[in-house]
**Q** 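One structure is given below, represented as structure tokens, and several questions about it will come after.
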Amino acid sequence: MPKFSYIARTKEGARQAGTLEAPNQDEAIAVLQRKELVVVSLIQHDLDEILSKEYDKKGILPIGQQSLKFKHRNVKFGDLVIFA
């Protein structure tokens, strides 16, 4: 089963990061939403693939890695929750 690394926000706006296993990206998002988290970043990875590739100086994953990122610097957390 694929592993996903995530960054999410709680209802209070606190940042939370971790990893989880899920059959696909949609199920990983659903699991986090059931925990009442707002997904900020979700990256699917295979440990063997990551270890075999090099990161660039900025630490960005190699091309081909799936990622889902939301940037909302000027958006209030409550507004983002309502939008989602």
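Quick caveat: nothing in here was measured; it's all calculated off a predicted structure.
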**Q** State, to 0.1 Å, how close Y6 and L42 come at their nearest heavy-atom pair, and which atoms those are.
**A** CB-CD1, 3.8 Å
**Q** Testing the basics here: between M1 and E21, what is the closest heavy-atom pair and its distance to 0.1 Å?
**A** SD-C, 3.9 Å
**Q** How long is the straight-line distance from CD of E27 back to CZ of R34, given to the nearest 0.5 Å?
**A** 5.0 Å
**Q** Minimum heavy-atom separation for Q44 to F4, with atom names?
**A**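 Here Q44 and F4 meet closest at CB-CE2, 3.2 Å.
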**Q** Taking atom CD1 of I29 and atom CG of L20, what is their separation to the nearest 0.5 Å?
**A** 10.0 Å
